[in-house]
Amino acid sequence: MIDLKVQLPGLNLKNPIMPASGCFGFGREYSQFYDLSKLGAIIMKAATGRERFGNPTPRVAETSSGMLNAIGLQNPGVEKIIENEVPFLANYDTSIIANVAGSTIEEYELVAGTFNATKDVHALELNISCPNVKEGGIQFGTNPSMAAKVTEKVKKASNLPVYVKLSPNVSDIVGMAKAVESAGADGLSMINTLTGMQIHLPTKQPLIANKTGGLSGPAIKPIAVRMIYEVKQHVSIPIIGMGGITSAEDVLEFLLAGASAVAVGTANFTNPLICSEIIDALPATLEKYGFTSVEDAIGKVVI
Amino acid sequence: MIDLKVQLPGLNLKNPIMPASGCFGFGREYSQFYDLSKLGAIIMKAATGRERFGNPTPRVAETSSGMLNAIGLQNPGVEKIIENEVPFLANYDTSIIANVAGSTIEEYELVAGTFNATKDVHALELNISCPNVKEGGIQFGTNPSMAAKVTEKVKKASNLPVYVKLSPNVSDIVGMAKAVESAGADGLSMINTLTGMQIHLPTKQPLIANKTGGLSGPAIKPIAVRMIYEVKQHVSIPIIGMGGITSAEDVLEFLLAGASAVAVGTANFTNPLICSEIIDALPATLEKYGFTSVEDAIGKVVI
Amino acid sequence: MIKKESMQVISSKEIAKDTVEMKLENSYISETAVPGQFLHILLEGHSLRRPISIADVDKEKKLVTILFKKLGSGTEQLAEVNSGALLDVLGPGGNGFTVDTKGKSTVLLIGGGIGVPPMYYLGKTYANQGINVISVLGFQSKEHVFYEEEFQELGETFIVTNDGSYGDKGFVTNALHKVGKFDNYYSCGPLPMLKAITNKLQEKTGFISLEERMGCGVGACFACVLPTKTEKGYKKICSDGPVFDAREVVL
Amino acid sequence: MIKKESMQVISSKEIAKDTVEMKLENSYISETAVPGQFLHILLEGHSLRRPISIADVDKEKKLVTILFKKLGSGTEQLAEVNSGALLDVLGPGGNGFTVDTKGKSTVLLIGGGIGVPPMYYLGKTYANQGINVISVLGFQSKEHVFYEEEFQELGETFIVTNDGSYGDKGFVTNALHKVGKFDNYYSCGPLPMLKAITNKLQEKTGFISLEERMGCGVGACFACVLPTKTEKGYKKICSDGPVFDAREVVL
Ligand SMILES: Cc1cc2nc3c(=O)[nH]c(=O)nc-3n(C[C@H](O)[C@H](O)[C@H](O)COP(=O)(O)OP(=O)(O)OC[C@H]3O[C@@H](n4cnc5c(N)ncnc54)[C@H](O)[C@@H]3O)c2cc1C
Ligand SMILES: Cc1cc2nc3c(=O)[nH]c(=O)nc-3n(C[C@H](O)[C@H](O)[C@H](O)COP(=O)(O)OP(=O)(O)OC[C@H]3O[C@@H](n4cnc5c(N)ncnc54)[C@H](O)[C@@H]3O)c2cc1C
Ligand SMILES: Cc1cc2nc3c(=O)[nH]c(=O)nc-3n(C[C@H](O)[C@H](O)[C@H](O)COP(=O)(O)O)c2cc1C
Ligand SMILES: Cc1cc2nc3c(=O)[nH]c(=O)nc-3n(C[C@H](O)[C@H](O)[C@H](O)COP(=O)(O)O)c2cc1C
Ligand code: FES
Ligand code: FES
């Protein structure tokens with residue numbers, strides 16, 4: 001029997017697979033395709049202090065082995081999410097992670113504090129790395145002292161474990177990771193998207209109305225694996241890995257690199273059943289490569 | 001008649017297409033496939049002060065829509081290149097750009113100065129961004145003041161125009177570009193590869209013996225286009241664009257984003273005739289989208 | 001309910017310039033699809049699926065017809081798929097047109113270019129229920145015209161082409177004066193056409209089908225939103241639409 | 001000279017476990033290829049080509065035979081390519097074995113697993129020129145064995161399998177004592193096997209064919225270098241090799 005369980009701060013996961021924030025809404029739509037209780041956890045779409053309408057459309061574009069998006073954090077606001085979305089997800093036997101976003105430190109504190117009051121949310125993912133918000137999100141994500149500061153404030157505003165989501169658009173990912181670890185982060189979540197652009201030749205305009213968008217999908221997988229590997233050598237808090245995962249083999253690659261659990265994003269669009277299929281395939285994949293449990297494989301890359 | 005000519009510092013290009021450094025050796029092998037005189041220019045494989053043997057093998061791996069490489073700047077050294085390789089390329093009616101690499105500022109100066117003495121080299125591409133050299137190359141490429149310093153020194157060591165090749169592994173590409181522009185760079189060349197890693201499940205080892213390698217190919221194209229666009233808004237020196245180009249449409253996308261010429265790297269491995277085929281296709285592609293010349297299209301993205 | 005289904009390609013042929021008619025077999029989708037819904041089609045090597053409207057359904061033969069224009073890498077690849085092959089499809093997607101015959105005697109269909117296909121299944125459904133169907137169809141030029149006879153079987157049909165190479169010259173709006181009395185109108189086509197129509201037919205009850213670049217196609221990613229005049233402020237084209245009351249949305 | 005050629009797949013069949021024999025038609029490559037050279041094959045959706053040795057050539061029918069093992073995404077995709085399809089190939093690649101009969105009466109071929117294919121074309125070429133050919137072929141197990149009869153037609157052939165399920169049990173080195181006198185030896189197979197052989201046959205003149213992950217496949221990218229005992233210090237497997245004098249390279 002292959003043991004898929006993973007124990008992380010605040011999260012008692014039956015398996016290491018969860019849909020990534022923004023790629024699964026609040027779960028409703030995908031509940032048509034399979035039983036969400038199968039998932040290790042669900043990371044909800046970003047929540048901000050108030051409702052946000054996001055960027056103009058088009059908001060997505062296809063790239064070679066990936067896609068660009070600039071949704072712009074559209075969401076109904078933290079209170080509506082707690083009122084309408086969390087109760088729906090609480091019906092399922094899975095952990096709920098709230099993705100916390102904002103334009104100011106105060107907004108991050110507000111959102112984190114509001115989630116703190118609900119018993120059904122098990123952890124926070126601190127989204128300091130969304131490249132599509134202009135007011136300041138980007139600065140939190142590429143500046144280690146800003147990142148540390150928002151982490152510290154959010155830790156004070158909430159009792160929930162905090163996983164800080166790192167941006168790959170930086171010169172020194174290890175420096176970012178160490179800064180938020182020192183500031184009290186309980187874990188890391190990485191990577192968010194890389195900023196990209198695509199120009200539509202017939203109109204000569206950027207394909208994304210916001211001009212630039214975040215690149216995700218298999219194209220960025222080698223960057224994610226490298227960053228997780230590097231960070232793992234320098235921090236002791238656990239990592240939720242993501243970036244281009246589409247198969248159980250990919251999950252094992254992320255575990256070997258140092259992730260303790262993984263999130264699947266873009267692949268949900270290609271195949272709405274992907275998380276369920278990966279969970280089914282994972283035991284045989286672990287076994288094939290000589291592992292008896294997920295915990296067994298974490299960080300086991302051979303150098 | 002569509003005009004493909006581009007005039008850049010030191011380079012009188014009959015068309016904007018050149019093979020990228022490291023992806024075309026010193027031209028000999030590809031001269032079996034087509035007449036190199038067809039090319040706008042040729043960027044030679046990196047040259048260092050002395051011969052280098054590079055990294056252990058395997059040095060390359062395939063990724064989704066891309067590849068990783070960690071050649072480690074293997075080359076016969078600047079003197080042997082001038083002795084054996086430049087004369088061969090000088091037989092062709094095309095511009096020759098030397099890619100200058102090193103581990104110390106002194107080595108960069110030495111290499112640049114040595115190329116200066118040969119009449120057949122038309123410009124230098126300053127490779128401050130190779131992620132596969134451990135001794136210091138990476139620091140030049142991600143630190144604006146180091147980048148400025150090496151640019152300044154190389155400008156003094158040589159009379160040739162200097163195109164500084166930027167690394168995409170940075171938080172602030174515009175800051176890097178401005179720093180080297182102020183230091184006297186005649187142009188920019190961007191982007192080099194993004195650092196990535198891939199783990200081979202059967203052996204649990206990194207697929208690249210050097211652990212990490214540089215990611216290139218169509219996977220990184222949106223990142224290249226975004227960086228060129230951003231830099232173009234802030235500098236006035238011309239940009240040689242590269243990163244995932246495989247077609248004349250891609251070339252036009254780079255021109256619109258702000259590149260004045262482009263280099264084709266990884267695609268040479270997929271199709272050794274690619275540069276020649278792109279040059280053939282370019283006039284019709286420009287015409288299709290309403291341009292009468294290459295110069296016409298540069299920076300013409302509609303925002 | 002939308003499901004992930006495997007659909008077998010039964011036939012595929014180019015019926016007008018760059019325009020392909022494809023028949024796909026699948027019992028679930030043929031049984032449940034209503035006019036205006038779409039298929040979200042996966043093409044190998046592509047990370048995003050392609051939304052294509054359902055143009056007709058033959059419930060008996062379990063066939064779904066789609067009509068698409070070769071515009072880019074995805075639709076060109078779809079055009080190469082041979083009979084016998086299986087397509088990975090999410091469907092039926094979105095909310096289609098409400099077919100409501102109460103108090104109606106005549107409906108007007110207005111289709112432009114590749115917006116014509118969803119009009120056909122809708123028209124056929126109305127015609128089968130004894131409602132008069134009038135169609136105004138616009139194409140770029142003669143070589144792009146398709147399904148003229150099929151629409152004529154449903155009722156009076158006016159063709160316009162932008163260059164006048166077939167039917168009347170101009171836009172569908174130029175032909176609206178030829179149309180007699182009708183109850184509701186239904187339209188699908190390029191945005192400028194929809195704007196012109198909803199403007200011209202402001203007094204009428206109308207339903208329009210909209211397009212936007214999609215990520216998930218199921219309502220989860222917020223890629224395909226559209227501003228609305230309602231309190232909530234937006235709708236998702238993939239799951240709230242693609243069909244909207246013309247007076248509800250901001251074009 | 002290496003060229004970019006289009007080769008038509010004439011036949012493809014699985015001849016042993018996960019092992020496919022494919023015949024490709026092309027006049028330029030069939031006319032110019034020598035034993036030990038390889039094809040650098042493009043598979044759609046892959047950025048890097050796959051190097052596969054030439055296992056046989058029929059100059060009259062303009063056919064080139066390759067034999068490959070399904071190991072990963074590229075070879076699995078190649079196994080799916082149907083007869084009639086065209087492959088985009090660079091070839092013939094690299095420098096093959098020098099076939100030199102002067103002063104020779106017997107040559108020894110040692111092939112391991114998927115290193116067996118290039119040995120066949122070499123053995124056939126020697127046999128056609130009246131040289132005695134002795135072959136020692138190693139496979140994982142019985143179900144992996146292929147081309148036994150073909151090699152037997154060339155001369156005395158010993159089969160070994162790792163698990164002993166066919167022929168002798170063990171590695172090819174275990175069978176070398178059965179081989180009589182020979183002049184040169186030629187070998188291709190996994191690195192540990194080549195190390196063991198070159199060690200054991202130190203006194204003999206031998207030529208080995210090596211593998212390394214490749215970028216360009218034509219000598220331009222420095223991906224496939226190998227340390228040598230010569231002054232230059234390295235060789236490129238794709239263009240200087242894949243065949244080397246066993247005493248020249250550092251394994
Ligand atoms: C609800 C709906 C129904 C549609 N019905 C039909 C139909 O019946 N027949 C038909 O020919 N076309 C229809 N379209 C348009 C069709 O989806 C696009 O033509 C197609 O996606 C283009 O894909 P491509 O790869 O060929 O083009 P590319 O330009 O290469 O596509 C790149 C990306 O942009 C997206 N995209 C490009 N154009 C559109 C568009 N107009 N709408 C939405 N996404 C787009 C693609 O899906 C893809 O993700 C419909 C669109 C929607 C939203
Ligand atoms: C000169 C030469 C001749 C060869 N001849 C044969 C032959 O006749 N029959 C045969 O079955 N195999 C042969 N090989 C090995 C064959 O190239 C690999 O098995 C094949 O490339 C694996 O590709 P894949 O996509 O299936 O595997 P993957 O592991 O998915 O490949 C990923 C990448 O690694 C490379 N790679 C993986 N294994 C090898 C390898 N052993 N050598 C070089 N690159 C590798 C691939 O080319 C690709 O770029 C030869 C290799 C070389 C260098
Ligand atoms: C359409 C879309 C929306 C996203 N929205 C969010 C978000 O709201 N918050 C967040 O932290 N990450 C967001 N992301 C990033 C993903 O959670 C994930 O980090 C990234 O896409 C890499 O994983 P992938 O390659 O598997 O998609 C979004 C990604 C996509 C594609
Ligand atoms: C195998 C390989 C070797 C390379 N060697 C060099 C080099 O020596 N010097 C350099 O400046 N860039 C080098 N590069 C980077 C390319 O010149 C180019 O910047 C990068 O690959 C992006 O372009 P592409 O996506 O078209 O390959 C190398 C790239 C590859 C794939
Ligand atoms: S496409 Fe994802 S919400 Fe509509
Ligand atoms: S594969 Fe490029 S030099 Fe050998």
Side-chain angles (χ1 to χ4, degrees), chain A residues 61 63-68 138 141-143 167-173 176 194-207 211-215 217-230 244 246 249 252-257 285 288-290 297 300-303, chain B residues 61 63-68 138 141-143 167-173 176 194-207 211-215 217-230 244 246 249 252-257 285 288-290 297 300-303:
Chain A
T63 71
S64 269
S65 292
M67 64 176 285
L68 293 172
I138 190 69
T142 56
N143 178 314
S167 165
N169 299 296
V170 296
S171 310
D172 177 15
I173 192 76
M176 291 296 301
L194 284 129
T195 312
M197 180 171 177
Q198 207 176 18
I199 302 173
H200 191 226
L201 299 185
T203 58
K204 298 167 190 72
Q205 292 179 320
L207 246 170
K211 288 200 280 190
T212 61
L215 181 65
I220 69 167
K221 200 186 73 173
I223 301 171
V225 170
R226 186 264 297 184
M227 290 189 163
I228 291 165
Y229 168 75
E230 284 180 355
T246 67
E249 278 78 16
L252 180 53
E253 189 178 358
F254 276 70
L255 295 175
L256 293 174
T285 303
K288 176 171 174 194
Y289 294 105
K300 292 293 165 54
V301 57
V302 175
I303 299 294
Chain B
T63 70
S64 269
S65 291
M67 65 175 285
L68 293 173
I138 191 70
T142 56
N143 179 313
S167 166
N169 298 295
V170 297
S171 310
D172 177 13
I173 192 74
M176 291 296 302
L194 286 129
T195 312
M197 181 171 175
Q198 207 176 19
I199 301 173
H200 190 227
L201 299 185
T203 58
K204 298 166 191 73
Q205 292 179 321
L207 246 169
K211 288 199 281 190
T212 62
L215 181 64
I220 68 168
K221 199 185 74 172
I223 301 171
V225 171
R226 184 265 296 181
M227 289 189 163
I228 291 165
Y229 168 75
E230 284 180 356
T246 66
E249 279 77 17
L252 180 53
E253 189 178 359
F254 276 70
L255 294 174
L256 293 174
T285 304
K288 175 171 175 195
Y289 294 105
K300 292 293 165 53
V301 57
V302 175
I303 298 294

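We name chains A, B, ... by the order of the sequence lines, and we start the count at 1 in each one. This structure is a prediction, so every number in the text was calculated from the model and none was measured.
Donor-acceptor pairing under 3.5 Å is lacking for the side chains of Thr142(B) and Ser171(A).
Counting only distance, with no hydrogens or angles, the side chain of Lys204(A) and the backbone of Ile303(B) share no donor-acceptor pair below 3.5 Å. The backbone N or O of Ile199(B) sits less than 3.5 Å from a side-chain atom of Glu253(A), completing a donor-acceptor pair.
If you take CE on Met197(B) and CD1 on Ile228(A), they are separated by 10.5 Å, rounding to the nearest 0.5 Å. To the nearest 0.5 Å, the span separating OG1 on Thr212(A) from CZ on Arg226(B) amounts to 7.5 Å.
Legend: residues meeting side-chain hydrogen bond (donor to acceptor under 3.5 Å, both in side chains) with Thr285(B), ordered by chain and number and at least two apart, are absent. Scanning for side-chain hydrogen bond (donor to acceptor under 3.5 Å, both in side chains) contacts around Lys211(B) gives Tyr229(A), with sequence neighbours left out.
Comparing Val301(B), Leu252(B), Asp172(B) by how many heavy-atom pairs each has under 4.5 Å with chain A, the most go to Val301(B). Here Pro202(A) is the residue among Gly66(A), Pro202(A), Pro168(A) with the most heavy-atom pairs under 4.5 Å with chain B. Chain B forms the most heavy-atom pairs under 4.5 Å with one residue out of Ala219(A), Gly196(A), Pro222(A), Ala297(A), and that residue is Pro222(A). Your options are Leu256(A), Thr203(A), Thr63(A), Ile173(A), and the one with the most heavy-atom pairs under 4.5 Å with chain B is Leu256(A). Of the listed residues (Glu230(A), Lys221(A), Glu249(A)), the greatest number of heavy-atom pairs within a distance under 4.5 Å of chain B belongs to Glu249(A).
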Practice task
Evaluate side-chain contact (heavy atoms from CB on, under 4.5 Å) for Leu215(B) paired with Ile223(A), printing each intermediate quantity in order.
Solution key: CA-CA 8 Å; Leu215(B) 181 64; Ile223(A) 301 171; 3.8 Å; yes
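Of the atoms belonging to Leu68(A), it is side-chain heavy atoms, and not backbone ones, that fall under 4.5 Å from chain B. Heavy-atom distances place both the backbone and the side chain of Leu201(A) under 4.5 Å from chain B.
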